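The next block holds one structure in the form of structure tokens; read it before the comments.
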Amino acid sequence: MIRSVLSNMYEMESFLEKTEDINWTVVRPPGLKNLAASAQEFLTHEGYFVPDSSGQTVGRGDVARFMLSLLNSNAWVKKGVAITTK
């Protein structure tokens, strides 16, 4: 099952990289927990994971909070960003 998910993710990201007419950001959290947003600071890294953060999880509310913060920032336009919280 995970193979098809990863394959679909790769296809979607490849498609996005070829687009010129839309701004996009791929947000890559580690494991997710059903938690509300917190006030914790985000750690970010361009790529698939934040170094030295293996095994961490992030609340779905914090992922949503990060995604909403991107509406006011061009920092991660046309990039994939791994996130976690401190």
Side-chain angles (χ1 to χ4, degrees):
M1 181 174 157
I2 191 72
R3 176 175 279 168
S4 66
V5 171
L6 294 176
S7 177
N8 289 340
M9 186 173 69
Y10 175 79
E11 288 178 34
M12 181 268 310
E13 290 181 15
S14 296
F15 173 80
L16 287 174
E17 288 173 358
K18 296 174 190 172
T19 63
E20 296 179 14
D21 58 339
I22 60 171
N23 288 336
W24 55 268
T25 302
V26 174
V27 178
R28 299 178 178 127
L32 295 171
K33 283 189 173 180
N34 290 327
L35 298 173
S38 71
Q40 291 181 308
E41 183 180 341
F42 289 108
L43 299 174
T44 59
H45 186 77
E46 186 170 355
Y48 290 91
F49 61 92
V50 176
D52 300 324
S53 67
S54 64
Q56 288 192 341
T57 58
V58 175
R60 293 176 193 276
D62 281 328
V63 175
R65 181 171 60 96
F66 180 79
M67 292 172 73
L68 289 171
S69 76
L70 296 175
L71 296 173
N72 297 319
S73 170
N74 290 325
W76 298 105
V77 171
K78 297 192 183 281
K79 295 180 183 175
V81 57
I83 68 163
T84 193
T85 52
K86 275 192 170 182

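As the structure is a prediction and not an experimental result, all values here were calculated from the model.
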Any chance CG of Asn74 has more than 12 other-residue heavy atoms, nucleotides or ligands included, within less than 6.0 Å?
-> no

So if you build clusters from Ile, Leu, Val, Met, Phe, Trp, Tyr with side-chain heavy-atom gaps below 4.5 Å, do Trp76 and Ile83 land together?
-> yes

Tell me whether Val58 is reachable from Val50 by hopping between hydrophobic residues (I, L, V, M, F, W, Y) whose side-chain heavy atoms are closer than 4.5 Å.
-> no

For Lys86, does its backbone N or O pair with a side-chain atom of Gln40 as donor and acceptor, under 3.5 Å?
-> yes

Looking only at atom types and distance, does a side-chain atom of Ser73 sit under 3.5 Å from a main-chain N or O of Leu70, one as donor and one as acceptor?
-> no

Salt bridge present between Lys78 and Glu20 (N-O < 4.0 angstrom) = no

Give a yes or no on whether Leu35 and Phe42 share a hydrophobic cluster (residues Ile, Leu, Val, Met, Phe, Trp, Tyr; joining criterion: side-chain heavy atoms under 4.5 Å apart).
-> no

Determine whether Glu13 and Arg28 make a side-chain contact, defined as any pair of heavy atoms from C-beta on separated by less than 4.5 Å.
-> yes

Can you check whether Glu46 reaches Val81 side chain to side chain, under 4.5 Å on heavy atoms?
-> no

Note, Val27 side chain near Phe66 side chain (heavy atom, < 4.5 Å) = yes

Can you tell me how far CG of Leu16 sits from OG1 of Thr25, rounded to the nearest 0.5 angstrom?
-> 9.5 Å

Ser14 side chain to Tyr10 main-chain N or O, any donor-acceptor pair under 3.5 Å?
-> yes

Measuring from Glu41:CD to Thr84:OG1, what's the distance to the nearest 0.5 Å?
-> 11.5 Å

Measuring from Ser4:OG to Met9:CE, what's the distance to the nearest 0.5 Å?
-> 11.5 Å

Any link between Val26 and Ile22 through a network of hydrophobic side chains (Ile, Leu, Val, Met, Phe, Trp, Tyr) touching at under 4.5 Å?
-> yes

Could you verify whether a donor N or O on one side chain and an acceptor N or O on the other, from Asp62 and Ser38, lie under 3.5 Å apart?
-> yes

Kindly give the heavy-atom pair with the smallest separation between Ala82 and Tyr48, and that separation in Å.
-> CB-C, 3.7 Å

What are the two closest non-hydrogen atoms of Thr85 and Gln56, and how far apart are they?
-> O-OE1, 3.8 Å

Could you tell me whether Met12 atom CE has more than 12 heavy atoms of other residues or ligands within 6.0 Å of it?
-> yes

Arg65 and Ala39: which non-hydrogen atoms are nearest, and at how many Å?
-> NH2-C, 4.2 Å

